[in-house]
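Encoded as structure tokens, the structure appears first; notes follow it.
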Amino acid sequence: MILGKVIGHVVSTMKLPVFNGYKILMVRPVDDSGKSQGEVFLALDTVQSGAGDIVLVIDEGNSSRLIINNSMAPVRTLIVGIVDSIERIDREGLFN
Amino acid sequence: MILGKVIGHVVSTMKLPVFNGYKILMVRPVDDSGKSQGEVFLALDTVQSGAGDIVLVIDEGNSSRLIINNSMAPVRTLIVGIVDSIERIDREGLFN
Amino acid sequence: MILGKVIGHVVSTMKLPVFNGYKILMVRPVDDSGKSQGEVFLALDTVQSGAGDIVLVIDEGNSSRLIINNSMAPVRTLIVGIVDSIERIDREGLFN
Amino acid sequence: MILGKVIGHVVSTMKLPVFNGYKILMVRPVDDSGKSQGEVFLALDTVQSGAGDIVLVIDEGNSSRLIINNSMAPVRTLIVGIVDSIERIDREGLFN
Amino acid sequence: MILGKVIGHVVSTMKLPVFNGYKILMVRPVDDSGKSQGEVFLALDTVQSGAGDIVLVIDEGNSSRLIINNSMAPVRTLIVGIVDSIERIDREGLFN
């Protein structure tokens, strides 16, 4: 599971029927200070998130299909929570 | 799921029989502004996409096999939609 | 399985019910000398780890669901151990 | 699925019995112009590929086990085709 | 499957009971010339490998659980062979 920021959505009329009714959001992965890390990807929303939200993103096929209740849906990436706040504690060094 | 751009296809006569009849497309992953990100890969097409198209790509084994209706096919990456347009909203910062 | 350092946690009220009761920790992957490597991610805790701990992290969907005993939970990343110490032996070269 | 180039093979006498009889090839991932991208990995061959060949590589556990017909084999990466040629079309920009 | 070099091991008393009896080794991924590539990770040993060995590493959940004969073990990464030697052939260019 990673933190991401919703930065937009994708419009696609020509697509597999299984995606009809789902909003396909663009997500930019961010680290604990909100800095961009890794590559932009697409995710289906399950918690009514919107542009600008910091979200919890799960990337796992079997559970994603269970959540949207469609055992054949070609989905792997879902937005499963909206983040209120982040508590950071980051001491330097391996064992201190 | 990610955004990609179809940049060509691969010709292979010596391959597993399960791939016969499928077009193997080369896809370059792109971010929300169409800039290349990550590494070029291969995908099977399910929506009649062609060179130059911006496409939705799923990378998950179980669902890919279901979609092409072959439980033994060694596939993991499918093109499942063609993108019409992208709406981008990208405010800077973690919580604003 | 990788080594990580717990650097904080995430507060989210709007999330899938399946996450209620779980603490969502932020983890920074580290190498054998405690240097940061790769990207910050989120994990559920199973061993009472806390901020600053060096932990063992597993990233695999099926086993993660078994461990938290919920076959539908959209989890893939769990903290499964706390590291006491690391023994390093690193000779240079391929075969010496 | 990705493109790779066979660059050698690995000799290992001390290994799990399930690998006996298989040639373990070293593969360097390449992009559409044959330039190296990503990290060198190992794959089992299913199409009689050899050193210098540009090959199709699948990286997925369940289908790999089906192909080599061993439901317990710890394999995930197979060479499934040899590439004859690559047709490239790469227009710049997101929608042109 | 990749090549790795065993560079140490991890001591952890506070961990899931399923790991008792297993040695958790630190592995540095290497390329065909023994140069480090990618990120250090942890793996369970199945072939009596030790520090300094060049090893074959499999990273796949279902088969790893089968090999250690525990369908609930949260493992994904196993050392499955020790490398004797590597034969390298690396001609430049895409098709020559």
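These values consider heavy atoms only, across backbone and side chains, with no hydrogens, waters or symmetry-generated copies.
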Distance from E:Leu3 atom CG to D:Ser12 atom OG, nearest 0.5 Å? 10.0 Å
Are E:Ile82 and D:Lys15 packed together at the side-chain level, in the sense that at least one heavy-atom pair is separated by less than 4.5 angstrom? no
What's the spacing between D:Leu16 CG and E:Thr46 OG1 if we round to 0.5 Å? 4.0 Å
Testing E:Leu56, E:Asp84, E:Asp32 one by one against D:Val10 for a side chain to side chain contact (heavy atoms under 4.5 Å, CB included), which residue passes? E:Leu56
Heavy-atom side-chain contact between E:Ile86 and D:Val11 under 4.5 Å: no
Rounded to the nearest 0.5 Å, what separates atom CG in D:Leu25 from atom CE in E:Met1? 10.0 Å
E:Arg88 side, atom CZ; D:Ile7 side, atom CD1 - distance, nearest 0.5 Å: 6.5 Å
Would you confirm whether D:Glu39, through its side chain, and E:Asp31, through its main-chain N or O, come within 3.5 Å as a donor-acceptor pair? no
